[in-house]
Asks: 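One structure, as structure tokens, below. Some questions next.
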Amino acid sequence: MQSRGHLFVLSAPSGAGKSTLIDRACRELPNIWHSISATTRPRREYEEDGIHYFFLEKTDFDEMILRNEFLEWACVFEEYYGTPAGAVDEHLTGGNDVIMDLDVQGALQVKRRRTEASLVFVMPPSLDELAKRLKQRATETGEDVEYRLSKAEEEMAQSHQFNHVILNDDLDAAFQELRKIILGQRGEVDSP
């Protein structure tokens, strides 16, 4: 009988490297699936339903909330975002590990619903380094960077609620740490 996969939830301040670590885990480790969120926001031109998000009407999203079909959900700037439990459970039952990319609030919602989930917080080396990374991305205004840094402090203060904290001051070392966490949960010996 195939064993059930394990649920991993990664959270981090914007710019800490969480997405890069998740992408690498999905590329380099077998049997791991990056969960897809649902949203009510309009689809952007390059986005595909079921690939980037599950795009839903607000009435459908509300019905799913009432039926308790989300592992977590939130309303952000009048649009809803959430992780449908059905897709996650399908992959877990099929023996795949599932990795989720959530903010701290969403991660803690998942932990309340799925106590077996492993929560991993990706910590930047410092706020100064985080500011430098955000500015180098050149995707945010100075005001956005300041907002993200103040939010980062709040998020970092909650890292003690996570099962694991990975310091991302070196991307390769941080990935090896994530790899050990995933393989350890699988009961596999890590041999890079």
Asks: Determine, stepwise, if the pair I182 / R186 fulfils side chain to side chain contact (heavy atoms under 4.5 Å, CB included).
Replies: CA-CA 6 Å; I182 293 170; R186 291 177 177 177; 3.9 Å; yes
Asks: More than 12 foreign heavy atoms under 6.0 Å from CD of E90: is that the case here?
Replies: no
Asks: Could you give the distance from CD (E116) to CG (L92), rounded to the nearest 0.5 Å?
Replies: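 If we round to the nearest 0.5 Å, E116:CD and L92:CG are 8.0 Å apart.
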Asks: Quick one: are K18 and D101 in side-chain contact, heavy atoms under 4.5 Å?
Replies: yes
Asks: Measure across S159 and M123 and return the closest heavy-atom pair with its distance rounded to 0.1 Å.
Replies: OG-CE, 3.5 Å
Asks: Work out which heavy atom in E48 is nearest to a heavy atom in H52; give both atom names and the distance.
Replies: N-ND1, 2.9 Å
Asks: Which class fits the ring pair W73 and Y80: parallel under 30°, tilted 30 to 60°, perpendicular over 60°?
Replies: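 The rings of W73 and Y80 sit tilted, inter-plane angle from 30° to 60°.
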Asks: Looking at P124, is its backbone amide N or carbonyl O close enough to the side chain of N168 to form a donor-acceptor pair, meaning the two atoms are under 3.5 Å apart?
Replies: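 Side chain of N168 to backbone of P124, a donor-acceptor pair under 3.5 Å: no, none is there.
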Asks: In Å and rounded to the nearest 0.5 Å, what is the OG1 to OH distance from T40 to Y53?
Replies: 10.5 Å
Asks: Are H164 and F162, when compared by the centres of their aromatic rings, separated by less than 6.0 Å?
Replies: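 Ring centroids of H164 and F162 are no less than 6.0 Å from each other.
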Asks: Please determine whether side chain to side chain contact (heavy atoms under 4.5 Å, CB included) holds for the pair M64 and L56, giving the CA-CA distance in whole Å, both sets of side-chain angles, and the decisive distance to 0.1 Å.
Replies: CA-CA 10 Å; M64 289 178 72; L56 303 175; 3.6 Å; yes
Asks: What about M156 and L149, same hydrophobic cluster or not, with Ile/Leu/Val/Met/Phe/Trp/Tyr joined at side-chain heavy-atom distances under 4.5 Å?
Replies: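 Yes; tracing contacts between hydrophobic side chains, which count when under 4.5 Å, links both residues.
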Asks: Atom NZ in K111, atom CG in L119: separation rounded to 0.5 Å?
Replies: 5.5 Å
Asks: Working to the nearest 0.5 Å, report the span between OG of S14 and CG of D103.
Replies: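 S14 atom OG to D103 atom CG measures 11.5 Å (nearest 0.5 Å).
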Asks: Calculate, to the nearest 0.5 Å, the distance between atoms NZ and CD1 belonging to K58 and I65 respectively.
Replies: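 Between K58 NZ and I65 CD1, I get 11.0 Å after rounding to 0.5 Å.
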Asks: Looking at D97 and G5, would you say the former's side chain and the latter's main chain have a donor-acceptor pair under 3.5 Å?
Replies: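 Not a single qualifying donor-acceptor pair exists.
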Asks: In terms of hydrophobic clustering (I, L, V, M, F, W, Y; side-chain heavy atoms under 4.5 Å; direct or indirect links), are L108 and Y81 co-clustered?
Replies: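 No, separate clusters.
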Asks: Quick one: does E72's side chain have a donor or acceptor within less than 3.5 Å of a partner on T83's backbone?
Replies: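 At least one qualifying donor-acceptor pair exists.
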Asks: Starting from the C-alpha separation in whole Å, work towards a yes-or-no answer on side chain to side chain contact (heavy atoms under 4.5 Å, CB included) for L102 and L10.
Replies: CA-CA 6 Å; L102 297 175; L10 268 69; over 6 Å; no
Asks: Linking I/L/V/M/F/W/Y whenever any side-chain heavy atoms sit under 4.5 Å apart, do L183 and F8 land together?
Replies: yes
Asks: Report, one line per pair, each donor and acceptor closer than 3.5 Å where one atom sits in a side chain of residues 21-31; sequence neighbours left out.
Replies:
residue: R24; atom: NE; partner: E28; partner atom: OE2; Å: 2.9
residue: R24; atom: NH1; partner: D172; partner atom: OD1; Å: 2.7

Asks: Do you reckon F54 sits in the same ILVMFWY cluster as M100, going by side-chain contacts under 4.5 Å, direct or chained?
Replies: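 F54 and M100: one cluster.
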Asks: Do any N or O atoms from the side chain of Q158 and from the backbone of E155 form a donor-acceptor pair under 3.5 angstrom?
Replies: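 Not at all, since once roles are kept as given, no pair shorter than 3.5 Å links the two residues.
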Asks: Tell me the closest heavy-atom pair linking V122 and A12, and the distance in Å.
Replies: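 Looking at all heavy atoms of both residues, the closest pair is O-CB, 3.2 Å.
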Asks: Can you tell me how far CG of L171 sits from CG of L178, rounded to the nearest 0.5 angstrom?
Replies: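 Going from the CG atom of L178 to the CG atom of L171 covers 10.5 Å.
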Asks: How far apart are the closest heavy atoms of Q185 and S118, and which atoms are they?
Replies: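 Smallest heavy-atom distance, with atoms named: OE1-OG, 3.6 Å.
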Asks: Give the intermediate values and the outcome of side chain to side chain contact (heavy atoms under 4.5 Å, CB included) for residues D89 and R4.
Replies: CA-CA 9 Å; D89 288 333; R4 183 174 169 86; 3.6 Å; yes
Asks: Quick one: do F55 and F77 end up in the same hydrophobic cluster if we chain Ile, Leu, Val, Met, Phe, Trp and Tyr together by side-chain heavy atoms under 4.5 Å apart?
Replies: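 As far as the 4.5 Å side-chain criterion goes, F77 and F55 are connected within one cluster.
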